[in-house]
Amino acid sequence: MLCCGAAAIALPLGVVTAVLCFKTDVPGRKVAALMLVGMLFVPLYLVTGAWDAGFGIQGWHTLSTNPHLQHEPWLAGWRAAVWVHGLAAVPWVFLIVGAGLRSVEAEIEEDAATCASPLAVLWHVSLPRVAPAIGVAALWIATIVVTEISVTDFFQIRTFAEEVYTQAALGSFGYVFGNAPVGPADPIPAIGFWSGLVLSTALAVLVISGFIKLFADWSEASNRPPWIWRLRSGRWPAMAILAVCMVLLAGVPLANLAYKAGIMVTTTDTGRVRSWSAERLITRVAAAPREFHGELWLSTWLSSTVATSALILAMPLAWSLRSYSLSLREKAGVRANRAPTMLPHPALSQRERVLKRVRLQSGKPWLRLFVIAICLTIPGPLLGLGIIHLLNRPPDSPLAALAELYDSNFAPWLVQTLRTLPIATLILWPALASVPQVMLDTAATDGTGWWGQLFRIAVPQRWPAIAAAWLVAFAVAIGELAATILVMPPQRGATALSIQVFQLLHYGVDDRVAAICLVMVFVVAAITGIAATLVRRRM
């Protein structure tokens, strides 16, 4: 139900913004695209806090219209969970559908434009051909909903991931690993647990299959100029629609946080009077890094090591999928009725011999793709539970030495590395696959091996994409909550920033919490924007 409700909100908004930015000349499309890309990896608990600051129990709108809570706030329960998940998924739909629109053959759209209106071309040609991308976007929405607990825990919605987190926190998962259950008398039945795991695995297979199809189509069309609808007199109405979407996605949440951070309460003879001050806002935002310096330092240090580890693992993994990328491009070219790049037997071209050689060397990539898919879609609490079972060993166990790692920061480092690895791999995969094969063949004739081709040829040429992958992995790690909250050991001074902010949000969004949320939103958005700029420079 939550997946369907979030998709009902995210898909229409995402498709509209993608069409306006990728298929029209609407003014402001580049600014809107940059804002949406910057919102990609903003943690869900920050989005939740931003909307709760305005329309939750202690939100400014609730306090002004419903101060005594005579009726339920607008943002509560199922309605709130669907709304927050739906709006948080819009940037992903925008990016995925935009890639699909970019892969539509421009010659087909131009031929249709000679005998039909541009709106008819979009409706009858572009959108039907982008249907697979819309399907991938829907699967990705389901992935976000299945793996996250930030929204469901805040609004008390019992999804599978939320129930796993609750039972794990209560110690009720002994039966899963063959031990006696400890905790409440009514834990999740074992059949329910394993059924949820099987469904998550099936979702992983569907997601990675959709991404592969989208990657093949996008790679084939990435070098062709797209067809653009020249709006002429309709530019300003289209700009108004795009502006309304951006205000809804970014303007209202940021305004909520800014209002809560700058609010002042003055006690008078008639009672307490609330007012807002820009000076108060600036003061609170400037003081937030100092107030949370311990959490910021721990999260920055941990996220840096996670991003570095994920990048070290993702580079050879993405490089090993290069040959599979070449075969995808060949198949996409055949589907597009492109002239074949390989000559018929027996006069085999050099390119065909190279393709056959790399296919024999790489073998089937399905095991690697399956590992990426599992790391991408496994619910965060389930991953944390598995790490706890792996490291929390009794003294008489042969693996008792792992207990020392369980009491350190190794466990959060491990879960965050597993969560960021697939994202870094998906960024590096198309970047490394675009290295010219002729250059690699020339290096191979001079005796350069597999690793030498990666680090001496591919890495120097694709360093912007590698830097972007590191930045995105850092942003994902610093915002990871679903698994980290279960495995983070007790800290003397401070805990991870994501855990601290998430716990404070449950007590209401006051000026202190709103200020640190604003800082985190701008930092993560800036990191993602820089990463997008680096990737665009590589392209």
Side-chain angles (χ1 to χ4, degrees), residues 35 38-67 69 73-76 80 83-84 87-88 91 150-151 153-155 246-268 271-300 475 478-479 481 494-529:
M35 292 179 61
M39 295 167 57
L40 281 174
F41 297 101
V42 174
L44 266 175
Y45 60 86
L46 293 182
V47 181
T48 304
W51 281 100
D52 186 72
F55 306 98
I57 294 179
Q58 297 185 21
W60 63 267
H61 181 268
T62 304
L63 292 177
S64 60
T65 61
N66 187 21
L69 294 179
W74 181 82
L75 207 67
W83 179 257
V84 173
L87 293 185
S150 306
V151 180
D153 185 78
F154 194 86
F155 296 111
M246 297 312 302
V247 168
L248 181 62
L249 295 174
V252 174
L254 291 178
N256 291 337
L257 291 176
Y259 181 82
K260 292 291 290 188
I263 198 169
M264 299 178 60
V265 180
T266 305
T267 303
T268 63
R272 294 189 300 174
V273 178
R274 297 177 179 270
S275 60
W276 187 85
S277 169
E279 181 181 357
R280 172 77 173 180
L281 169 64
I282 297 174
T283 302
R284 294 306 305 168
V285 172
R290 184 178 67 255
E291 295 177 350
F292 292 87
H293 69 278
E295 291 83 359
L296 279 170
W297 167 250
L298 176 61
S299 296
T300 302
I478 205 170
L481 174 71
T495 185
L497 184 61
S498 59
I499 298 176
Q500 181 70 10
V501 173
F502 181 68
Q503 292 174 346
L504 290 176
L505 286 175
H506 284 75
Y507 298 98
V509 183
D510 56 12
D511 56 346
R512 179 169 171 261
V513 177
I516 190 62
C517 286
L518 277 174
V519 172
M520 291 186 67
V521 166
F522 285 118
V523 168
V524 173
I527 291 174
T528 310

Taking every heavy atom of Leu257 against every heavy atom of Gly49, the minimum-distance pair comes out as CD2-O, 4.1 Å
Looking only at heavy atoms, the pair that brings Val42 and Gly38 closest together is CG2-O, 3.8 Å
Residues at least two apart in sequence or cross-chain that pass side-chain hydrogen bond (donor to acceptor under 3.5 Å, both in side chains) with Ser299, listed by chain then number, are none
Tyr45 meets the ring pair (Phe, Tyr, Trp, His ring centres under 6.0 Å) criterion, sequence neighbours left out, with none
Rounding to 0.5 Å, atoms CG (Asp153) and CG (Leu481) come to a distance of 8.5 Å
### Message
With a 4.5 Å cut-off on side-chain heavy atoms, are Thr48 and Phe502 touching?
### Response
no
Heavy atoms of Thr300 and Leu296 approach each other most closely as OG1-O, 2.7 Å
*Side chains of Val501 and Cys517: does their closest heavy-atom pair fall under 4.5 Å?*
yes
Trace of the side-chain contact (heavy atoms from CB on, under 4.5 Å) decision for Ile527 with Phe41: CA-CA 9 Å; Ile527 291 174; Phe41 297 101; over 6 Å; no
Within the structure provided, determine whether Leu497 and Leu298 are in side-chain contact (heavy-atom separation under 4.5 Å). no
In terms of heavy-atom contacts, Pro91 and Met39 come closest through CG-CB, 3.9 Å
Closest non-hydrogen atoms of Ala261 and Ala515, given as atom of the first, atom of the second and distance, are CB-N, 4.1 Å
Residue pair Asp52 / Leu505, side-chain heavy-atom distance below 4.5 Å
no
Looking only at heavy atoms, the pair that brings Gly479 and Pro43 closest together is CA-CG, 3.5 Å
Counting only heavy atoms not in Leu254, do more than 12 fall under 6.0 Å of its CG? yes
_Does any part of the side chain of Arg512, heavy atoms only, come nearer than 4.5 Å to the side chain of Ile516, both counted from C-beta?_
no
Q | Intermediate values then yes/no, salt bridge (charged side-chain N to carboxylate O under 4.0 Å, His left out), Arg284 and Glu279 | A | CA-CA 9 Å; Arg284 294 306 305 168; Glu279 181 181 357; over 6 Å; no
Here the gap from Arg280 atom CZ to Met264 atom CE, rounded to the nearest 0.5 Å, amounts to 6.0 Å
Within the 4.5 Å heavy-atom criterion, are Trp74 and Trp83 side-chain neighbours or not?
yes
Sorted by chain and number, sequence neighbours left out, ring pair (Phe, Tyr, Trp, His ring centres under 6.0 Å) with His61 holds for Phe55
d(Ser275 OG, Ile263 CD1) to nearest 0.5 Å is 7.5 Å
Donor-acceptor pair, Asp511 side chain versus Lys260 backbone, under 3.5 Å? no
Flag side-chain contact, heavy atom, 4.5 Å: Phe292 against Val519:
no
Quiz prompt | Main-chain N/O of Val252 paired to Trp51 side chain as donor or acceptor, under 3.5 Å | solution = no
OG1 (Thr495) and CD (Gln503) are apart, to the nearest 0.5 Å, by 7.0 Å
**Prompt:** Are any of the side-chain heavy atoms of Leu281 and Leu518 separated by less than 4.5 Å?
**Reply:** yes
